[in-house]
Amino acid sequence: LRFLRAQQGDCHRAAAALRASAAWRADNGAERRLAEWRAEAAVGESLKAKLVERFRIHTELGTDRFGLPAVLFRWSAFDAGGLERALGTEAMLDVLVDIHERVAEAMHVAMLERRAVTPGALYVWDVGNYGRHGPPNFFGRMWALVRFLPKV
């Protein structure tokens, strides 16, 4: 369904996108990596788990009327460059994929429970520059994020 939505209802393009995604997931061991990361994060003792918590990019604000999470991403306070240097690109991608997979899983559950298509989840992106009240090096952080996002 998410591929159909992303392709504005074009079945052929949605099917091609689904096949490409499935191939990428298989080629990159996405399911295994996601399961390993979730187990590691649940324990919370590894350096990676501690760094992810320290650099926390998102928080769940609550749920909407469909039971879907409303997620706040604090891009302006997030040090993408610092986390990428500390963890490496692949580990950082694992973390970001996990965040979005959890939302997709919640959408799937809500759709089955409601027996109806859910309209989508709410993502709030905070990209504000709060000047002296915000995190240091705002523009450097945002530039690091802009450089990282194409890797996602």
Side-chain angles (χ1 to χ4, degrees), residues 1-6 17-114 117-152:
L1 184 60
R2 70 176 123 167
F3 293 95
L4 196 55
R5 283 181 174 164
L18 175 61
R19 285 191 295 274
S21 176
W24 179 89
R25 291 176 81 95
D27 291 347
N28 290 283
E31 306 310 322
R32 175 192 49 77
R33 288 173 45 190
L34 186 58
E36 288 171 358
W37 163 241
R38 286 182 174 180
E40 183 178 343
V43 174
E45 294 298 320
S46 70
L47 177 61
K48 178 179 171 183
K50 289 177 181 178
L51 283 171
V52 167
E53 187 59 33
R54 180 174 154 225
F55 282 82
R56 180 161 286 279
I57 184 177
H58 77 293
T59 189
E60 192 174 306
L61 298 172
T63 56
D64 67 10
R65 63 189 169 118
F66 300 104
L68 298 174
V71 182
L72 169 66
F73 287 88
R74 299 200 59 228
W75 296 115
S76 60
F78 178 55
D79 184 2
L83 188 58
E84 187 174 16
R85 281 189 302 278
L87 292 181
T89 301
E90 293 301 314
M92 194 164 153
L93 286 171
D94 290 345
V95 171
L96 291 172
V97 166
D98 180 41
I99 294 168
H100 297 293
E101 286 291 316
R102 289 181 187 275
V103 173
E105 289 164 7
M107 290 176 69
H108 181 77
V109 168
M111 185 173 63
L112 293 175
E113 288 175 353
R114 296 178 56 82
V117 175
T118 55
L122 175 63
Y123 283 36
V124 178
W125 284 27
D126 175 3
V127 293
N129 178 358
Y130 301 106
R132 65 186 177 93
H133 301 291
N137 191 22
F138 170 79
F139 291 106
R141 288 173 187 256
M142 293 306 288
W143 184 242
L145 178 65
V146 167
R147 286 193 324 263
F148 178 78
L149 285 178
K151 299 172 189 175
V152 178

I'd like to check Glu40 versus Glu45 (side-chain heavy atoms, cut-off strictly below 4.5 Å). Are they in contact?
no
Arg102/Glu60 ion pair, N-O < 4.0 Å
no
Could you state the interatomic distance from CZ (Phe73) to CZ (Arg56), rounded to the nearest 0.5 Å?
10.5 Å
When rounded to the nearest 0.5 Å, the distance separating CG of Asp94 from CH2 of Trp37 is 8.5 Å
Would one find more than 12 heavy atoms of other residues, nucleotides or ligands at under 6.0 Å from atom CZ of Arg54?
no
Side chain to side chain contact (heavy atoms under 4.5 Å, CB included) for Asp64 and Leu122? Distances and angles first, verdict last.
CA-CA 8 Å; Asp64 67 10; Leu122 175 63; 5.6 Å; no
Could you check whether any side-chain heavy atom of Tyr123 comes within less than 4.5 Å of a side-chain heavy atom of Val103, counting everything from C-beta outward?
yes
Is there a side-chain contact between Leu93 and Phe148 (heavy atoms, below 4.5 Å)?
yes
Drop me the distance from Ser76's OG to Arg141's CZ, to the nearest 0.5 angstrom.
9.0 Å
Does the side chain of Glu90 reach to within under 4.5 Å of the side chain of Arg33, using non-hydrogen atoms?
yes
Any heavy-atom pair between the side chains of Ile99 and Ile57 that's under 4.5 Å?
yes
Nearest-0.5 Å distance, CE of residue Met92 to CZ of residue Arg85:
10.0 Å
Quick one: NE2 on His58 to CG on Leu96, what's the gap to the nearest 0.5 Å?
9.5 Å
Per salt bridge (Lys or Arg N to Asp or Glu O under 4.0 Å), Arg38 is matched among Glu105, Glu31, Glu101 by Glu105
Salt-bridge contact Glu36-Lys48 (side-chain N to carboxylate O under 4.0 Å):
no
